[in-house]
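The chain is numbered in sequence order, starting from 1.
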Amino acid sequence: MSKAIAAFVINTAAGASLEAAVAASIDGGLDHGIDSVFVTSDQTIWLIQSKYKDSGSGEPDLGDVSKFRDGVTDLICGHWGRFNYALQSRRSEITAALNSGVCKVRVILAYTGTAISDDRRNLFADLERAFNQTTPAFLRCQAFGLTSLHDLHLDSSSAQTIEETLILKDYGHTQEPYRAFYGRIEAKRLAELWHAYQDRLVDRNIRRFKGTTTVNKGLSETLENEAEHFFYFNNGVTFLCQSIDELHPRDPHRGNGKFRVRGISIINGAQTVGAIARQPLAHYDVKPATVMATFVCLDNTPDGFGDQVTQSRNRQNAVDMEDFAALDERQTMWQQTLKMAGIEYIVKHGQDDPSSLNSCFSARELAPYLACTITSNDWPDYLIAAKSDKKKLFGRDGLVATSDPLRHAYDHVFPDSLTAKKMWRITQIGRMVIQKIRDRSRAETDPSNFSTGTLPAKEILREGVWMILHIIFIRLQLQNGSDLYINSEEDNRLSLEVDLVANCMIQVIQAIQWNKQARSVFENKTDCGTVKNRLMAALVQQSHRGN
């Protein structure tokens, strides 16, 4: 697996063929911490140390990283005798690159874990300082953790990176600790970008353009009636980019700056740009408008920094907790897996979300169904949230109060063990049960001698539908079936179980004088526990009578 990671980086980042990427491995005894070596046609030497971590967390040992640093130093200094035959056999190729006068060295630590600590980064910083004194940017070190490796995969499998020349007015910049530029950009230019790239422009955004919302309608009205005030009324747009370079000629007063920007993606302000693009381009020739734009360059930033920027920038606006699920790389994995089976799974929400539900579902629809599968001691919290406040199911640290019992809900509802097939089966079961109970609730009538103070069956079913689904998930376990789609036999079992559980629940609840509405019963943790215990006992008795 470690060799595969090294080959993957060389193939996707260095542009080597698969065969050359595999052949680049020197992993073995006396490799001096260097697992793969590859020299590109432009005389760039790629030196890779790769570590596979099955857990997907943590970082390489400090000793291994120190060994890698020493190996890079010895290679550049020509201490060939310290290396194995696999590397020595490439001595002439490496030496020719080092003597070319245009050589660059890329030192890559690739591992399937989380961000590395400062002590590892300091080793790389020392290496860069040592070899860049006479030739700036000769050697560059990077850590490719799990997030960066995933981004490499997406970049290699998606459309070509967006690269554009842009003008910023009255611009400013910062270079430390990471590069960023900001200034006013013409609304017309943003509209041109949207028309050219559309959803690709917001690939890293947690939301797509949402169409005619109250906020977006206000943006359109300002562009139509007060275009000159748009800059003052709008928060602006934030871009992430892979690189940004100022072009000639340069303005010493920074009134106008011309920039070549590569790898553009809007991470905050998609609604602004979408609203701007709704106007025809000719509109801005008559009513020009400008927008504050910020470009954050990810070159030489820590692993996962782009996601941190995205989360932080969006926390400052009215963003639903559900929208942050779009930053979870597992959601993308599930989405791509389901797409291969012809099923569309929506994580980002926008105006072009499909209306057909036959082979389409969303994270928002799925979350309450998943909550009903939870059987740990805190199951009532999840069941009540599924019924009354579904947004809480996306709770995570930093987004909700530390005292909230559902502050870790997202990781509990969407665990690592969840599979794409199970997600789709759970959705089908949830839809079937919810629809059957709602249909029965509408048709339910209580007898004429119905006693005062007893909860009506119609209300019990309407308010208790999530409890019924919870019980059915526990009893039938159909969510763990082997087929992608619920078959006719399973559908029949569901129908029989829905009737059985519904009848038992009505009997159990009507046997108690609650002195409260059905809604209050199913939104109270203690009452939910009482109902579940009595209902499960009644179902066992029913089963014994049936036998």
Side-chain angles (χ1 to χ4, degrees), residues 1-2 4-5 8 50-60 110-116 144-154 157 204 206 303-304 306-308 310-311 321-341 343 345-348 361-379 381-382 385-386 390-400 404-427 429-430 470 473-474 477-482 484:
M1 296 299 292
S2 291
I5 292 167
F8 169 73
S50 57
K51 299 293 180 184
Y52 175 74
K53 301 182 74 63
D54 186 67
S55 65
S57 62
E59 56 185 330
Y111 62 102
T112 56
T114 47
I116 61 172
F144 284 7
L146 193 59
T147 300
S148 294
L149 293 174
H150 184 252
D151 286 344
L152 273 179
H153 168 64
L154 290 181
S157 61
R204 296 187 65 138
I206 60 177
D303 188 55
D307 286 345
Q308 291 179 343
T310 303
Q311 286 191 24
M321 283 193 294
E322 302 100 303
D323 291 319
F324 285 98
L327 299 179
D328 184 355
E329 60 190 26
R330 298 173 305 164
Q331 295 284 355
T332 302
M333 177 189 69
W334 292 322
Q335 186 180 56
Q336 292 174 342
T337 302
L338 288 161
K339 187 175 182 180
M340 289 187 290
I343 299 166
Y345 175 55
I346 300 170
V347 183
K348 296 180 183 179
F361 68 116
S362 70
R364 294 189 184 200
E365 179 191 6
L366 174 64
Y369 300 151
L370 289 172
C372 292
T373 68
I374 292 174
T375 56
S376 52
N377 291 336
D378 55 353
W379 67 266
D381 292 318
Y382 289 87
K390 296 174 178 56
K391 292 181 180 181
K392 284 192 172 185
L393 299 174
F394 292 83
R396 60 179 82 181
D397 278 338
L399 297 180
V400 295
D404 193 323
L406 293 178
R407 64 184 182 278
H408 301 296
Y410 177 78
D411 290 330
H412 204 171
V413 172
F414 291 93
D416 289 337
S417 59
L418 188 61
T419 66
K421 179 177 70 176
K422 190 171 183 178
M423 292 164 68
W424 180 230
R425 285 184 65 87
I426 285 173
T427 299
I429 294 168
H470 175 61
F473 276 133
I474 292 174
Q477 293 293 310
L478 290 180
Q479 63 269 28
N480 298 319
S482 58
L484 183 61

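Side-chain N or O atoms of R425 include none that pairs as donor or acceptor with a backbone N or O of N480 at under 3.5 Å. Judged by distance alone, with hydrogens and angles left aside, the side-chain atoms of T112 form a donor-acceptor pair with the main-chain N or O of K53 at under 3.5 Å. A donor-acceptor contact shorter than 3.5 Å links the side chain of S50 to the backbone of S2. In this structure, K390 contributes its side chain and A386 its backbone to a donor-acceptor pair below 3.5 Å. Proximity of a side-chain donor or acceptor of W379 to a complementary backbone N or O of H470 within less than 3.5 Å is not detected.
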### Task
For side chain to side chain contact (heavy atoms under 4.5 Å, CB included), just list the numbers for Q336 and M340, CA-CA rounded to whole Å, side-chain angles, deciding distance to a tenth of an Å, and then say yes or no.
CA-CA 7 Å; Q336 292 174 342; M340 289 187 290; 5.8 Å; no
### Message
Evaluate Y382 against L370 for side chain to side chain contact (heavy atoms under 4.5 Å, CB included), listing each step before the verdict.
### Response
CA-CA 9 Å; Y382 289 87; L370 289 172; over 6 Å; no
#### Entry: Trace of the side chain to side chain contact (heavy atoms under 4.5 Å, CB included) decision for M423 with Y369
CA-CA 9 Å; M423 292 164 68; Y369 300 151; over 6 Å; no
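Residues satisfying the salt bridge (Lys or Arg N to Asp or Glu O under 4.0 Å) criterion with K422, sequence neighbours excluded, are absent altogether. Listed by chain and residue number, S376 satisfy the side-chain hydrogen bond (donor to acceptor under 3.5 Å, both in side chains) test with D378 (two or more places apart in sequence, or in another chain). For the side-chain hydrogen bond (donor to acceptor under 3.5 Å, both in side chains) test, no residue two or more places apart in sequence or in another chain qualifies with Y111. In this structure S57 satisfies the side-chain hydrogen bond (donor to acceptor under 3.5 Å, both in side chains) test together with S55, sequence neighbours excluded. For D54, there are no salt bridge (Lys or Arg N to Asp or Glu O under 4.0 Å) partners at least two apart in sequence or on another chain. Applying the ring-ring contact (aromatic ring centres under 6.0 Å, His included) test to Y345 and every residue at least two apart in sequence or in another chain returns F361.
The distance from atom CD1 of I374 to atom NE2 of H412, rounded to the nearest 0.5 Å, is 4.5 Å. If you take CZ on F414 and CG on L393, they are separated by 8.5 Å, rounding to the nearest 0.5 Å. For the atom pair CG of L338 and CD1 of I346, the computed distance is 11.5 Å after rounding to the nearest 0.5 Å. Here the CE atom belonging to M1 is positioned 11.5 Å from the CZ atom belonging to F8, to the nearest 0.5 angstrom. Distance check: I343 CD1 to K421 NZ gives 11.5 Å after rounding to the nearest 0.5 Å. Interatomic distance, CG of D381 versus CG of L406, reported as 5.0 Å (0.5 Å rounding).
A side chain to side chain contact (heavy atoms under 4.5 Å, CB included) with W424 is found for one member of L484, T419, L366 and no other, namely L484.
Annotation for Q479 and I426: closest pair CB-CG1, 3.5 Å, computed over non-hydrogen atoms.
Between F473 and T375 the shortest side-chain heavy-atom distance does not fall below 4.5 Å.
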